[in-house]
J.: 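Quick one: this structure, given as structure tokens, is what I'll be asking you about.
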Amino acid sequence: MTRGRRDDRLPRVRSGTPAPGGAAAPGAVGAPDAPSSPLDPAALRDALLDWFASNGRSLPGRDDRDPWHVLVVEVMSQQTQIDRSLAAAATFCAAFPTPSALAAASPGEVLRAWAGLGYNRRALALRAAARAMVERHGGRVPDDLASLLALPGVGPYTARAVAARAFGATVMPVDVNVRRVLGRVLDDPRPARVQALGDLLARSADGRPGAIADALMDLAAGTCRAREPACTACPLSAWCGWRASGAAVAGRAEQGSVPRGSALPGSGSRRPALRAPGSPVSGPAGALPFPRTRRWLRGQLLRELREAPPGAWSTVEGPRGTHDHAAVRETIATLAREGFVELDEVGRARLAED
DNA sequence: AATACGGGGTT
DNA sequence: AACCCAGTATT
């Protein structure tokens with residue numbers, strides 16, 4: 001791994017944190033450690049939706065509630081910016097308007113439609129999910145969490161996103177944004193806590209849990225940013241335990257109280273690299289330059305095969321960049337094993353046709 | 001708990 | 001050039 005470094009994990013913080021409902025006494029004037037408002041879900045929801053009405057981003061396609069469209073957007077948006085996902089999903093769904101249409105397509109066709117999005121295994125997983133929906137759900141996107149979770153490529157986030165956005169289920173899709181905002185409100189990033197508050201908000205959402213999710217995500221994108229959050233502009237500041245704790249103002253203060261890698265710290269959370277100044281970027285213990293990684297090679301080979309005429313066999317001979325012939329053949333074999341590629345008798349390759 | 005998995009956009 | 005991104009599956 002050389003590129004995506006530092007997915008911020010959420011190590012346990014301290015053990016004794018207040019429950020959501022009891023975070024603070026109403027109007028706790030003399031308590032600098034407590035939010036100035038108790039954590040009433042309905043009040044928090046109203047603040048969120050009011051803010052969203054005038055400050056939410058306008059993202060074409062976001063309000064589409066069609067289950068298939070929602071599923072495609074959510075799978076694409078895994079580790080991919082939402083505006084790009086929405087645009088790509090529109091094109092993709094024009095080519096594959098239903099789960100059945102995608103289920104009937106070859107891996108190669110799907111991979112070509114996926115071009116530019118990265119994480120290509122998501123494309124194969126989505127196709128596999130489409131096949132499962134044809135097989136088990138009459139060609140429809142299932143509407144319950146358990147069935148959604150059973151689909152390939154659908155995890156805790158995506159399952160809840162589809163359930164909430166397409167079917168109005170009162171569950172919160174917790175992504176990096178929701179985790180940050182609600183983790184700060186609670187001053188506690190533990191996933192179970194964040195999920196519980198999220199679900200509480202979803203249940204108070206009066207049939208539109210997706211709107212709450214959108215509000216939280218837009219808030220995270222522009223105001224409750226990872227670094228230097230604009231707390232003075234935040235509709236939730238009255239409820240925010242993290243801000244009340246002083247961490248937001250103190251910035252890098254209390255480094256010891258904030259877990260390494262936590263998504264919670266705001267300004268001042270940047271840490272200098274451990275690497276000594278002047279030492280090579282890729283020392284013995286350092287990351288490889290990206291073009292030297294297997295990841296890069298996979299991307300190159302997949303791009304070559306995607307750009308070849310559909311159905312045509314390609315002779316794939318090394319080297320590619322710093323990767324020798326053996327590495328190239330090994331990677332092609334891996335891609336074949338994983339279902340991206342098929343090989344003929346003489347070792348030529350093409351994107352899989354079935 | 002760690003690691004693999006992409007590619008494009010932003011700063 | 002580093003950092004970020006509506007995560008998931010596998011080890």
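No experiment lies behind these values; they were computed from the predicted model shown.
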J.: Please work out if A:V178 contacts a base, only the sugar-phosphate, or nothing of the nucleic acid, heavy-atom cut-off 4.0 Å.
T.: nothing

J.: Rounding to an integer number of Å, can you tell me how far A:M172 CE sits from C:dA6 C1'?
T.: 12 Å

J.: In whole Å, what is the span from the CZ atom of A:R303 to the C1' atom of B:dC5?
T.: 18 Å

J.: Quick check: on DNA chain C, is the nucleotide nearest A:A221 upstream (toward 5') of the one nearest A:L149, or the reverse? Name the residue that is more 5'.
T.: A:A221

J.: Can you sort out the partners of A:T80 under side chain to side chain contact (heavy atoms under 4.5 Å, CB included), two or more places apart, ordered by chain and number?
T.: A:R84, A:S85, A:L117, A:R122

J.: Sequence neighbours excluded, which residues qualify as side chain to side chain contact (heavy atoms under 4.5 Å, CB included) partners of A:D46?
T.: none

J.: If the cut-off is 4.0 Å, is A:R227 near the phosphate of C:dC4, judged by side-chain N/O to OP1 or OP2?
T.: yes

J.: Mind checking what makes ring pair (Phe, Tyr, Trp, His ring centres under 6.0 Å) contact with A:F96, not counting sequence neighbours?
T.: A:F92

J.: Check for me, please, whether A:V194 and A:L236 land in the same ILVMFWY cluster - side-chain distances under 4.5 Å, paths through other members count.
T.: yes

J.: Could you measure between the two P atoms, the one in C:dT10 and the one in B:dG6, and give it in whole Å?
T.: 14 Å

J.: Given atom CG of A:L111 and atom P of B:dC5, what is their separation to the nearest angstrom?
T.: 16 Å

J.: Please report, rounded to the nearest Å, how far the C1' atom of B:dG6 is from the CG atom of A:L335.
T.: 13 Å

J.: Would you kindly give the CG-to-P distance between A:L301 and B:dG6, to the nearest whole Å?
T.: 11 Å

J.: Going by the rule side chain to side chain contact (heavy atoms under 4.5 Å, CB included), which residues pair with A:D206 if we only count those two or more places apart in sequence or in a different chain?
T.: none

J.: With rounding to the closest Å, how many angstrom separate the P atoms on B:dT11 and C:dA6?
T.: 13 Å

J.: Among residues 67-95 of chain A, which residues get a heavy atom nearer than 4.0 Å to DNA chain B?
T.: A:Q79, A:T80, A:Q81, A:R84

J.: Verify the neighbour count for atom CG of A:D344: are there more than 12 heavy atoms of other residues, nucleotides or ligands below 6.0 Å?
T.: yes

J.: Report the residues that fulfil side chain to side chain contact (heavy atoms under 4.5 Å, CB included) with A:L145, sequence neighbours left out, ordered by chain and then residue number.
T.: A:L149, A:A159, A:R160, A:A163, A:V171

J.: Grab the CG-P distance between A:L297 and B:dA4 for me, whole Å please.
T.: 15 Å

J.: Inspect the surroundings of CZ in A:R140 and state if more than 12 heavy atoms from other residues, nucleotides or ligands are less than 6.0 Å away.
T.: no

J.: Other than A:V346, which residues form its hydrophobic cluster under the rule that side-chain heavy atoms must be closer than 4.5 Å?
T.: none

J.: Where each residue is assigned the nucleotide of DNA chain C containing its nearest heavy atom, which of A:L59 and A:G153 is assigned the position nearer the 5′ end?
T.: A:L59

J.: For A:L151 and C:dG7, give me the distance from atom CG to atom C1', rounded to whole Å.
T.: 15 Å

J.: Quick one: which residue pairs count as a ring pair (Phe, Tyr, Trp, His ring centres under 6.0 Å) with a foot in residues 314-354 of chain A, not counting sequence neighbours?
T.: A:W296-A:H323

J.: Does any residue of residues 112-121 of chain A have a heavy atom under 4.0 Å from DNA chain B, and if so, which ones, in number order?
T.: A:G116, A:L117, A:G118, A:Y119, A:N120, A:R121

J.: Would you mind reading off the distance between A:R122 atom CZ and C:dA9 atom P, rounded to a whole angstrom?
T.: 12 Å

J.: In residues 155-169 of chain A, what residues come within less than 4.0 Å of DNA chain C, judged by heavy atoms?
T.: A:G155, A:P156, A:Y157, A:T158, A:R165

J.: Which nucleotide, C:dG7, C:dC5, B:dG7, lies nearest any side-chain atom of A:R180?
T.: C:dC5

J.: Could you work out, with side-chain hydrogen bond (donor to acceptor under 3.5 Å, both in side chains) as the rule, every residue matching A:D50, not counting sequence neighbours?
T.: none

J.: Check side-chain hydrogen bond (donor to acceptor under 3.5 Å, both in side chains) between A:R294 and all other residues, then give those that pass, not counting sequence neighbours.
T.: A:T331

